[in-house]
Number of protein chains: 2
Amino acid sequence: MNEEATRRRATVHDVAKAAGVSLATVDRVLNGRSGVRAATAEKVEEAIVRLGFSRDLNASLMARARDLKVVFFIPDGSNEFMDSLAEAVARRSMLALSDRMHLSTRRIRALDAGSLAAGLDALDPRDCDCAVIVTSEEPEILAAVDSATRRGIAVMTLVSDLPGSARKHFIGVDNVAAGRTAASLLGRFLPQGGKVAVIAGSLHLRDHLDRLHGFREVLARDFSALELIGPLEGHDERAETQALVAKLLTDHPDLAGIYNLGAGNMGLVTALEAVHNQTSPRVIAHELSASTRAGLVSGAIDVVLDQNPDGEIREAIAAARALALGAGRHVATDPIEIGIFLRDNLR
Amino acid sequence: MNEEATRRRATVHDVAKAAGVSLATVDRVLNGRSGVRAATAEKVEEAIVRLGFSRDLNASLMARARDLKVVFFIPDGSNEFMDSLAEAVARRSMLALSDRMHLSTRRIRALDAGSLAAGLDALDPRDCDCAVIVTSEEPEILAAVDSATRRGIAVMTLVSDLPGSARKHFIGVDNVAAGRTAASLLGRFLPQGGKVAVIAGSLHLRDHLDRLHGFREVLARDFSALELIGPLEGHDERAETQALVAKLLTDHPDLAGIYNLGAGNMGLVTALEAVHNQTSPRVIAHELSASTRAGLVSGAIDVVLDQNPDGEIREAIAAARALALGAGRHVATDPIEIGIFLRDNLR
DNA sequence: TCAGAATTGAGGTACGTGCCTCATGACCTA
DNA sequence: TAGGTCATGAGGCACGTACCTCAATTCTGA
């Protein structure tokens, strides 16, 4: 019964009245049109703050007869995780359309900074309000992000951040926590201690390094009975990872655990299933995919840590809307939680 | 470059043209007003399907100068999980308002079917488009749900479903999968086997039974070295659970694991911390709360399975919007995933 | 066949915002 | 002081839908 909240939201009319100016002037201020004296603009800004006015995004999009356009740049190649990001975008496209958002996806060559930078440079602000990119840290891309931002396109980073750039927001998991979680689980799986091997894709990738860091930290702190082997580098390649794991199993018949913190899970599962038996090591891998699902079901993999691509896309869309109405404001999104999957809670 | 999707969404005007009727007639059909011959209505319905028309919810709410009103009925009492549901609603209220949704919460006495039924009966369709309820299965409530539905209020169940009622949608986790996951983790934590105790709140609660069922299933199938003790009933009470756990630890000094599938976690943690040492059992509990967080940090609890109240509220809000535009249609929401938390991935 | 009822159409106003034109007045400069 | 620029106001139309009134038409029954 309390706070019935019958008070309407403030509109542009309210702002005009409160600032003692006309609707046209408020409109000029709100949409950054010229021809307003600094003193007048100030009055309007003050009224906006005082009334807590926020543009009605839906009415705004409707008036412009225009959808909010978001372009996702997602690496192409054989990376199943990137595919599931693209699928998540596709899955939400229809629903987003009914909120006047138009989502589109551009697949770019993986690790090809030039092509991503070119894609960003080619964006026309009339065709794109917000660009969402998955990228590694390259000066070339940093420059392209800053340029797009200057042209009025909000840029958001997904999965991996681009610190020092003009990107408006970052959406991704805490990879250090992911590594810690892997260690915490493996440690509990192996109360009697033993050898644990760590396989990374590349020690030049920020997310892989973060996971390794978290893993080592918890292993050292809580599970001194575990002996770390590696990190080895499988370069996220199926064949290379498979050979690596096969050699590991041969060289260390008593291997107690494996943490594959990179991709290349298809090779991992193949090598494990070749020798699967009761004394097989406990295995933790990253990202739910056809390969890792199969590994969970067959028992080759015990746990998969998942970045929740669908949730990341959901939050990216929400953030794009938020960015659309507060040009400079800070945008808050729900944190993306690391999903932990066993055979028994597979979706 | 493909499918540029320049085609506008269909509007009421398009429907009118396609059906060969006037705007007014389309309006009458869409909003269930009287005075339309069956044959004419049919033509309109057909055009709607053919064009794939769907009402623009934002424009619709704007035209009516009305927010979409959603009322959450959440049990009161000392249940931390219910509190976090209410907090999630409060946290999203502001944001929802900018999408023309007005959220409100009514706390009702826990397990008091009469008071929930009365609350539903008192709802006026002008003040509530959608009611979201957390309830147990009682005939009284079933009747109230059906009555509210007849009055034009969409009812949705949260956390626990009400099968056989007219509720339009259910949002909650798969509790059988949660139980299976607990067994799968405990089994891996205890490769050498041992005694595992199960504590439920009440064996009359559907969600507790589901968890128990999943737990037993996986224990029997995969971990025959584990001996099940219980299920014991702690009635989700702090003191009772504490006494129960203390007695368990005394009676079974070699206890290897505990799965508390109900509430009463404060008592659980207190009892465990009193005797915490290296040989303490592995412990899995449900729902992130102040108590279980403390247990994770102190090491008294190894894993917490969480129902993700925030995600449940998020999906409930999305479902309420979807229900608002398709009165009878089926509504799809993202499945709520069981969160698995260790000390090392605490949010 | 005609009154009366039921059905349908036409068109207006409103919601909150964007964008446009035109008019008014203030101020500046030559 | 005339001509110009700049700042501001007033108002209209549009977006997609809801809801209203007032005809105009069709149908029904006696």
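Chain A is the first sequence line, chain B the second, and so forth, proteins listed ahead of strands; every chain is numbered from 1.
Residue order along DNA chain C, read from the 5' end via each residue's closest nucleotide, puts B/S34 first among B/S34 and B/A63.
If you check distances only, the side chain of A/R28 does reach the base of D/dG9 with a donor-acceptor pair under 3.5 Å.
Of the candidates C/dC19, D/dA14, D/dT17, C/dC19 carries the atom nearest the A/D27 side chain, counting heavy atoms from C-beta on.
Between A/R33 atom CZ and C/dC20 atom P the separation is 7 Å, expressed in whole Å. Between the C1' atom of D/dA14 and the CE atom of A/M62 lies a distance of 9 Å, rounded to the nearest Å. The nearest whole Å value for the distance from the CG atom in A/N58 to the C1' atom in D/dG16 is 12 Å.
Taking 4.0 angstrom as the limit, A/S22 places none of its side-chain polar atoms (N or O) nearer than this to OP1 or OP2 of D/dT8. In terms of phosphate contacts, A/R64 brings no side-chain nitrogen or oxygen within less than 4.0 Å of OP1 or OP2 of D/dA14. Under 4.0 angstrom from either OP1 or OP2 of C/dG18 there lies no side-chain N or O belonging to A/R66. Residue A/R37 places none of its side-chain N or O atoms closer than 4.0 Å to OP1 or OP2 of D/dC6. Proximity of B/S60 to the phosphate of D/dA18: a side-chain N or O atom is located under 4.0 Å from OP1 or OP2.
Residue contacts shown for B/N31 are limited to sugar-phosphate atoms, with no base heavy atom under 4.0 Å away.
Annotation for B/A16 and B/V26: closest pair CA-CG2, 3.5 Å, computed over non-hydrogen atoms.
More than 12 heavy-atom neighbours from other residues, nucleotides or ligands sit within 6.0 angstrom of CG on B/L23.
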